[in-house]
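To start, the structure itself, in structure tokens.
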Amino acid sequence: MIKTPKPIRGTQDIFGAEAEAFAFVTATFERIRKLYRFRRVEMPVFEKTEVFSRSLGETTDVVSKEMYSFEDRGGESLTLRPEFTAGIARAYLTDGWKQYAPLKVATHGPLFRYERPQKGRYRQFHQIDAEVIGAAEPQADVELLVMADHLLRELGIADGVTLQLNTLGDGESRENWRAALVEYFRAHRDELSEDSQDRLERNPLRILDSKDPRDKPFTADAPRIDDYLSDAAKDFFAQVTEGLDAAGVAWERNPALVRGLDYYRHTAFEFVTDRLGAQGTVLGGGRYDGLMESLGGAATPAVGWAAGIERLAMLVEELGEPVPDIIVVVEDDAMRADGVGLTAAMRRAGLASELIATGSARKRYDKAVKQNAKAILALTAGDDGAMQHRLRIDGGDEAAIDAVLKGYSPN
RNA sequence: GCGAUCAUAGCUCAGCUGGUUAGAGCGCCGGUUUGUGGUACCGGAGGUCACGGGUUCGAACCCCGUUGGUCGCCCCA
């Protein structure tokens, strides 16, 4: 007995209406990205593990248990890409893309993270991604945010979604704020949740967005980044918010919105919905001026965002699958060749067509009716054996169909 | 890694407190109607009740374990 292999945990086979929604997201993204003049890039699906581990630092669970890593036959550690940014940063350095700076690039495709699947989170998932590399100005942040907002509008999901915005300041501001947070939380250490006590050592900024109610009273009164921002950092953030206002993009300040990794500076943002359970972030990103150096490159300012295609697709209105323009029904097997010929002719004329010529001859018309076609063409043989057809129009393009019929010579 | 919850036909699900041959709808296949119209009716195929133990005269149902799905925690680049 042969056992059918099962799919890998956390992978998905996307089909039908869901696949249509998925394709709608990527097609819309491609259209928008061209409007904003972002250049398309295609990136490898795997890289040397260092590409990701260096950029992430050694701190978190992320490297130790969240990456899909393996050794190749030469004993080199490789990792399936868990994000686009690190690979694009690597390419910027190894391929000399500095010559194109400031460089606006966009891509989409599969990513891999070794996690327990839950709603809107999979081990193989898919993202769209946009990055601006080599631009230190807040205008780059604004352009990305306006583009993201535009995309969500075009997808028809902007209504339930809000843009949450924060600044982490420049390197110095961020360090001072972080030190103040550690000092503050350390004073309340014993009253924090176990998880947050742990975070105090590993990733103190993350205490701010803890879900544990025991932490809430302390996070509310925690030191705020605003009190630690340098004048330059304040000015940078002000230019971002002014730009958003000028472009008519609504935003709200979320001082608890943080990034755990050290290379993030200045702007951090997430577009959030309450329609997806625990996984409310629909699109997120920020400025990562410190990343290039961790990969051995020169200091290079950069900012970008990514969004999960599956999550976006879940929010998109049910599109349904497209209905055929015409179905050709062979009601008499003697007309099979004409069915094939006419269907081919319909398709060449740009009409989405289906041929029904199998199974019980009497039931073929029923099958056609059930597909909600805009037109049904039934083929039968006359007494003389010549092809006869009957056409039922239900919203279809009768002129186009007639033109195909007139131009067709029966077999 | 941790927790909750679920698993019956290809799909969606019923199945009483443990009781004899496990059901429906949809889908699939065949038949009836030979019709300018059909979304109907009849029939058929299809099940190791996730898997492995246990309790019992008897288990889809109760107990234990395993596997898998879902949702959440941790993490979220």
Side-chain angles (χ1 to χ4, degrees), chain A residues 1 3-13 15-16 47 51-68 79-89 111-123 125 127 129 131 193-199 202-203 205-207 209-213 257-264 268 270 272 276-281 284-286 288 290-291 294-295 304-306 308 311 329 331-332 358-373 376-378 380-381 383 388-394:
Chain A
M1 245 261 287
K3 270 203 187 129
T4 304
K6 291 184 173 162
I8 304 297
R9 182 198 295 274
T11 61
Q12 2 166 37
D13 306 308
F15 172 81
E47 298 269 1
V51 169
F52 306 111
S53 63
R54 290 246 182 89
S55 67
L56 292 167
E58 308 306 321
T59 51
T60 51
D61 284 359
V62 165
V63 170
S64 55
K65 68 174 201 187
E66 312 277 353
M67 296 202 311
Y68 250 107
T79 295
L80 300 180
R81 64 184 181 196
E83 58 162 338
F84 281 114
T85 307
I88 290 172
L111 303 171
F112 305 83
R113 297 182 185 178
Y114 200 91
E115 308 185 276
R116 214 42 204 279
Q118 53 183 290
K119 188 178 183 69
R121 290 184 84 168
Y122 305 92
R123 285 189 175 180
F125 60 106
Q127 284 188 343
D129 181 277
E131 316 276 354
S193 67
E194 297 79 9
D195 283 334
S196 285
Q197 291 183 26
D198 205 32
R199 289 182 183 115
R202 296 195 341 259
N203 205 349
L205 303 202
R206 281 281 164 199
I207 300 176
D209 57 7
S210 167
K211 291 171 186 163
D212 196 305
L257 177 58
V258 294
R259 294 277 113 98
L261 300 170
D262 290 339
Y263 59 69
Y264 280 100
E270 293 183 357
V272 178
L276 287 180
Q279 311 303 329
T281 299
Y288 51 94
L291 174 60
S294 70
L295 289 172
W305 56 250
R311 289 189 196 173
V329 181
E331 291 199 283
D332 185 320
T358 58
S360 167
R362 289 190 179 116
K363 295 201 169 158
R364 292 176 193 169
Y365 199 90
D366 284 323
K367 283 188 195 171
V369 168
K370 284 180 186 171
Q371 289 201 32
N372 294 317
I376 296 175
L377 181 69
T380 51
D383 294 336
Q388 297 190 333
H389 71 264
R390 292 186 308 278
L391 180 62
R392 181 172 104 166
I393 298 285
D394 186 13

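Given the structure is predicted, the values throughout are model-derived calculations rather than measurements. Within every chain, numbering begins at 1; the chains are lettered A, B, ... in the order of the sequence lines, protein sequences first and strands thereafter.
- Rounded to whole Å, the separation between the C1' atoms of U21(B) and G58(B) comes to 15 Å.
- The phosphate of C76(B) has OP1 or OP2 within less than 4.0 Å of a side-chain N or O from Asn203(A).
- Contact between the side-chain N/O atoms of Arg206(A) and the OP1/OP2 oxygens of C76(B) is found at a separation under 4.0 Å.
- Regarding contacts with the backbone of G38(B), a side-chain N or O of Arg392(A) is found under 4.0 angstrom from either OP1 or OP2.
- Mapping Lys363(A) and Arg113(A) onto RNA chain B by nearest heavy atom places Lys363(A) at the nucleotide closer to the 5' end.
- For Arg113(A), there are no salt bridge (Lys or Arg N to Asp or Glu O under 4.0 Å) partners two or more places apart in sequence or in a different chain.
- Rounded to an integer number of Å, the gap from Lys119(A) NZ to C73(B) C1' is 17 Å.
- Distance check on atom P: U8(B) versus C61(B) gives 13 Å, rounded to whole Å.
- OP1 or OP2 of C74(B) has at least one side-chain nitrogen or oxygen of Arg199(A) nearer than 4.0 Å.
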TODO: Could you go through the side chain to side chain contact (heavy atoms under 4.5 Å, CB included) check for Ile8(A) and Arg123(A) one step at a time?
DONE: CA-CA 9 Å; Ile8(A) 304 297; Arg123(A) 285 189 175 180; 5.5 Å; no
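- Each of Lys6(A) and Ser210(A) was matched to the nucleotide of RNA chain B holding its nearest heavy atom; the match closer to the 5' end belongs to Lys6(A).
- Comparing the P positions of G53(B) and A14(B) gives an interatomic distance of 28 Å, to the nearest angstrom.
- Of the candidate nucleotides G69(B), C71(B), A77(B), G69(B) has the atom lying nearest to any side-chain atom of Arg9(A).
- For Gln118(A), no side-chain nitrogen or oxygen approaches OP1 or OP2 of U70(B) to under 4.0 Å.
- Computed from coordinates, the Asp366(A) CG to G30(B) P distance equals 13 Å when rounded to whole Å.
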- [ ] In sequence, state the C-alpha distance, the side-chain angles, and the governing distance for Arg116(A) and Arg9(A), and then conclude on side chain to side chain contact (heavy atoms under 4.5 Å, CB included).
- [x] CA-CA 8 Å; Arg116(A) 214 42 204 279; Arg9(A) 182 198 295 274; 3.6 Å; yes
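- Nucleotide G72(B) holds its C1' atom 15 Å from the CG atom of Leu276(A), rounded to whole Å.
- A distance of about 16 Å separates the C1' atoms of A7(B) and G65(B), rounded to the whole Å.
- Between Asp13(A) atom CG and G68(B) atom C1' there is a gap of 15 Å when expressed in whole angstrom units.
- Phosphate contact (OP1/OP2 of C75(B), side-chain N/O of Arg202(A), threshold under 4.0 Å): present.
- The distance from atom CD of Glu83(A) to atom C1' of C75(B) is 14 Å, rounded to the nearest whole Å.
- Distance noted for atom P between C64(B) and G25(B): 36 Å (whole Å).
- In RNA chain B, runs of at least 3 stacked Watson-Crick or G-U pairs (N1-N3 plus N6-O4 or O6-N4, or N1-O2 plus O6-N3, all under 3.5 Å) give these stems: B:1-7 with B:67-73, B:10-13 with B:23-26, B:28-32 with B:40-44, B:50-54 with B:62-66.
- Dashed line: the shortest gap from a side-chain N or O of Thr281(A) to OP1 or OP2 of C76(B) is not under 4.0 Å.
- Backbone-only engagement by Tyr263(A) is indicated by non-hydrogen atom pairs under 4.0 Å involving sugar-phosphate atoms exclusively.
- Tyr264(A) comes within 4.0 angstrom of the backbone, heavy atoms only, and of no base.
- Computed from coordinates, the Asp262(A) CG to A77(B) P distance equals 13 Å when rounded to whole Å.
- When the P atom is compared between C42(B) and U33(B), the two are found 16 Å apart, to the nearest whole Å.
- Partner Val329(A) forms a side chain to side chain contact (heavy atoms under 4.5 Å, CB included) with one of Ile376(A), Val369(A), Thr380(A) and no other, that one being Ile376(A).
- One finds the CZ atom of Arg81(A) at 7.0 Å from the CZ atom of Phe112(A) (value rounded to the nearest 0.5 Å).
- Partners of Arg392(A) according to the salt bridge (Lys or Arg N to Asp or Glu O under 4.0 Å) rule, which considers only residues two or more places apart in sequence or in another chain, do not exist here.
- Taken to the nearest 0.5 Å, the CG atom of Leu261(A) stands 7.5 Å off from the CG atom of Asn203(A).
- Comparing the P positions of A9(B) and G1(B) gives a spacing of 29 Å, expressed to the nearest Å.
- Proximity of Arg116(A) to the phosphate of G72(B): no side-chain N or O atom is located under 4.0 Å from OP1 or OP2.
- Within 4.0 Å of Glu270(A), counting heavy atoms only, lies no atom of the nucleic acid at all.
- Across A77(B), U39(B), C76(B), the shortest atom-to-atom separation from the side chain of Arg121(A) is found for C76(B).
- Comparing the C1' positions of U12(B) and G27(B) gives a spacing of 11 Å, expressed to the nearest Å.
- Between the CD atom in Glu194(A) and the CZ atom in Arg199(A) there is a gap of 11.0 Å [rounded to 0.5 Å].
- Within the 4.0 Å cut-off from OP1 or OP2 of U39(B), not a single side-chain nitrogen or oxygen of Lys367(A) is found.
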